[in-house]
A.B. asks: 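Dropping a structure here in structure tokens format, bear with me for questions.
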Amino acid sequence: MLKLLFPALSRFRMAVQLVMLFVTVYGSVIVGTYMADKISNNLPALSCAYDQMNGGYCVLIPTQHILHHRIGEAVVRAQQLTFGMVLPLLMSFVSFFAFFFVLGKMFCGWVCPLGTLQELVGKLGRRLGFGLRRIEKGDLGEVKRVRPVKWLLLLGLVFVLPLATGLGVTPHSLGNPYCDICPSRVATTLLTGNTEQLALRVNDNVSLVLGAVANLLIGFMLVGALAIRQPFCRICPLLAFNAVFQRLSPMRLQKKMHDNCGKCGICSEACPMDIPEIAREEGRKAYHEDCTLCGRCAEYCPQDGTIQIKWGPFALFSSRRDYYKNKVKGELPDGTVKPVKFVRNAARPAADPADA
Amino acid sequence: MKRILATLGLAAATGAAAQHEHHTVAPAATAPAARAWTQQPLLLPGKLVRGERASALLRPQGLAAAQVTVYAPEGPAARLKVDYPVGADGARIEAATPKTGNYHWVVAREESGAAVRVASTAWYFGNPGDSPKELLRTPKHELEIVPEPLPREHGSYRESEKWRFLVRFDGRPQPDQPVTLETAFGSRSTALTDAAGIATVVFPRDFRPAEKKAEGGHEGHGPRRVPFVLTTVKESGGRKYLTSFNLTYGQDGDRGRSLGWGAAFGLAGMLAAAPLLRRRDKRDNNHA
């Protein structure tokens with residue numbers, strides 16, 4: 001039955017993504033107002049606190065707030081940086097890790113509502129026949145140039161600026177700067193019919209600039225995702241945050257080297273994050289910091305057992321030649337499917353000259 | 001399902017603390033008595049100590065109460081209901097335990113002859129704690145105004161919004177009961193409860209430009225908030241009960257914001273991405 005409903009891993013993943021999109025945007029409708037506050041305060045996916053209908057929050061919020069309100073203010077009061085102050089931050093990370101231990105970076109590829117939105121837009125782009133643009137040499141430039149951005153955003157906007165605000169160095173409007181530029185804040189609230197987060201605060205220059213950046217990002221993301229797969233994921237600080245812990249979760253990507261590795265490159269082409277290492281590396285290097293554990297590389301690897309998604313010793317999915325053959329019949333590795341063609345009705349007879 | 005949610009909740013709660021920092025629904029700073037905006041009984045906060053998370057100062061106003069009672073959402077049995085004496089500055093209340101957070105229900109009571117006056121409010125301690133669902137469900141005094149629900153974190157009562165409040169007497173919902181809303185900006189309206197005892201209250205769009213803190217506005221960097229009070233009166237058994245519930249409400253989210261500029265920057269982002277769509281992929285994708 002399950003196999004009938006989900007003949008491919010990607011279809012199963014899309015079903016999970018759509019369910020999680022609903023939960024992370026409209027979750028309180030199901031679990032109730034108060035429970036929604038509690039079930040997933042540290043769900044490590046971009047489920048936005050500004051959305052009052054959702055069922056989950058994002059670990060980046062407490063991180064910014066603890067640095068802003070607790071650690072920074074505690075230092076200002078010239079108290080010792082005791083365990084009492086550091087502990088909340090640690091506890092926040094621990095509860096984040098409780099979730100993360102189970103699913104690892106699958107949160108990015110399977111749960112994150114913003115990731116799902118981008119993927120849906122990307123599918124629309126493929127359907128409409130927009131050419132796929134890749135972040136690789138010869139197209140938009142090497143992917144390694146983009147990779148540091150997520151780390152800089154994590155360091156600067158999630159750690160440094162909130163702490164500096166708590167210390168009184170920077171203005172209060174820089175207390176949660178990442179949330180202020182986060183396109184998920186705008187996207188998920190718009191999905192609930194709320195335009196408040198799209199509207200810019202015009203009476204505070206810092207907020208105005210941060211909000212403008214967020215809106216530029218969401219605009220760029222919505223159109224860019226028609227051509228580039230997962231454009232925002234590549235610079236998302238949550239991906240960097242998850243990457244810090246990715247070796248600590250039993251959920252992982254495992255790749256063995258095969259004679260064809262580095263030659264066919266299909267796995268890399270299938271990767272929505274344009275990770276070239278998946279094709280030419282093995283082991284830890286193949287499970288790259290940018291990996292979202294979406295599993296497309298394993299789906300499109302034509303070699304039996306070369307790429308696996310594993311949880312501890314258990315292989316949840318292994319690449320298989322017969323699976324690959326079936327898969328490419330419906331969708332090519334780069335996501336291309338039979339495009340929708342807008343053509344004139346061929347059955348309509350040519351205009352009768354007598355009508356003229 | 002419940003067990004899964006409870007487990008997730010437990011895990012999440014440990015880290016929830018940090019999300020309750022800049023909030024939200026803590027009652028606003030006191031309005032000077034000389035400019036009292038209401039004659040109804042209130043519980044108003046004293047000066048907040050920066051960084052203080054497990055205690056607060058609440059001062060009864062408009063009623064003579066020797067103590068305030070704090071009901072906690074969780075904690076040791078002896079801490080679920082605690083009385084605190086009212087001193088010169090008010091009553092210093094505490095969370096059930098230093099690490100217990102979320103909403104606590106606070107009540108001050110005055111009885112004189114046949115009159116019973118009760119002021120109630122909800123205080124949010126910025127630490128993990130059980131949701132106030134059970135706390136609100138449990139009757140705590142005769143005539144009650146119970147928020148259905150209390151605002152979520154990052155949320156608050158706001159101008160132009162409709163919120164529901166249950167009125168019950170001895171634990172039973174009271175239909176056709178008038179509930180009066182007064183705000184620090186001078187608005188006043190009355191709503192009647194429906195058959196289920198629910199009064200739907202519309203918060204007036206009455207914020208004036210910020211002038212001074214005298215209106216009892218929220219001190220700090222968060223959104224501006226001012227107090228409101230809901231009041232209801234009922235006579236029963238020869239006694240007259242008057243109960244109030246006060247908290248704060250905030251500005252309409254659209255104030256100070258420009259949807260036009262927001263949309264303009266969104267469109268600018270779209271235009272910036274448009275060149276990406278121009279080139280069609282000509283590569284041969286035949287992998288089958």
Side-chain angles (χ1 to χ4, degrees), chain A residues 31 33-42 49-50 52 57 61-63 65-66 68-70 73-74 77 88 91-92 94-96 98-99 129-133 172 175 195-196 198-203 211-212 215-220 222-224 226-228 266 328-329 332-334 336, chain B residues 5 8-22 50-51 53 102 126-128 130-133 149-155 220-222 253-254 256-274 276-283 285-288:
Chain A
V31 297
T33 305
Y34 301 125
M35 188 59 91
D37 268 353
K38 302 195 71 182
I39 58 167
S40 51
N41 277 328
N42 290 283
Y50 294 84
Q52 295 295 306
Y57 284 174
I61 297 169
T63 306
H65 288 186
I66 290 168
H68 176 189
H69 296 279
R70 290 199 181 185
E73 291 184 359
R77 290 203 308 273
M91 290 308 288
S92 184
V94 165
S95 52
F96 154 77
F99 286 98
F130 287 111
L132 182 70
R133 303 297 300 269
H172 278 304
T195 56
E196 184 183 327
L198 178 68
L200 295 184
R201 284 199 192 97
V202 290
N203 48 13
N215 289 13
L216 284 169
L217 281 173
I218 187 81
F220 188 91
L222 285 174
V223 172
L226 290 166
I228 308 171
I266 303 174
V328 292
K329 284 178 189 167
L332 294 177
D334 66 359
T336 303
Chain B
L5 291 177
L8 289 170
L10 189 66
T14 51
Q19 304 200 14
H20 305 296
E21 311 286 355
H22 58 135
R50 198 180 186 208
R53 309 178 63 78
N102 216 323
N127 267 322
D130 275 1
S131 85
K133 198 171 177 180
L150 281 160
R152 286 178 59 173
E153 196 218 352
H154 289 273
H221 60 278
D254 291 337
R257 285 180 180 265
S258 166
L259 185 58
W261 277 112
F265 276 98
L267 285 172
M270 290 180 175
L271 285 175
L276 293 168
L277 308 180
R278 285 168 56 192
R279 200 184 75 177
R280 301 296 171 119
D281 191 6
K282 301 289 186 193
R283 287 178 297 176
N285 284 318
N286 186 12
H287 295 276

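Order of the sequence lines sets the chain letters (A, B, ...), proteins ahead of strands, with each chain counted from 1. Worth knowing before you read on, the calculation uses all heavy atoms, side chains too, and leaves out hydrogens, waters and symmetry mates.
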A.B. asks: Can you name the closest pair of heavy atoms from B/Arg257 and A/Glu196 and give their distance?
C.D. replies: NH1-O, 3.0 Å
A.B. asks: Side chain, backbone, both or neither: which part of A/Ile228 has a heavy atom under 4.5 Å from chain B?
C.D. replies: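 Only the side chain of A/Ile228 comes within 4.5 Å of chain B.
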A.B. asks: For B/Phe265, what residues pass the side-chain contact (heavy atoms from CB on, under 4.5 Å) criterion, not counting sequence neighbours?
C.D. replies: A/Leu200, A/Ala212, A/Asn215, A/Leu216, B/Trp261
A.B. asks: As an exercise: rank B/Ala272, B/Ala274, B/Gly266 by heavy-atom pairs under 4.5 Å with chain A and give me the winner.
C.D. replies: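 The candidate making the most pairs under 4.5 Å is B/Gly266.
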A.B. asks: Identify the heavy atoms of B/Ala273 and A/Gly224 that sit nearest to each other, and give their distance.
C.D. replies: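 For B/Ala273 versus A/Gly224, the nearest heavy atoms are CB-N, 3.5 Å.
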A.B. asks: Output all residues satisfying side-chain contact (heavy atoms from CB on, under 4.5 Å) with B/Leu259, sequence neighbours left out; order by chain, then residue number.
C.D. replies: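 In terms of side-chain contact (heavy atoms from CB on, under 4.5 Å), with neighbours along the sequence ignored, B/Leu259 is linked to A/Thr195, A/Leu198, A/Ala199.
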A.B. asks: Should A/Val223 and B/Leu276 count as side-chain neighbours, where that means a heavy-atom distance under 4.5 Å?
C.D. replies: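 No - every pair of side-chain heavy atoms lies 4.5 Å or more apart.
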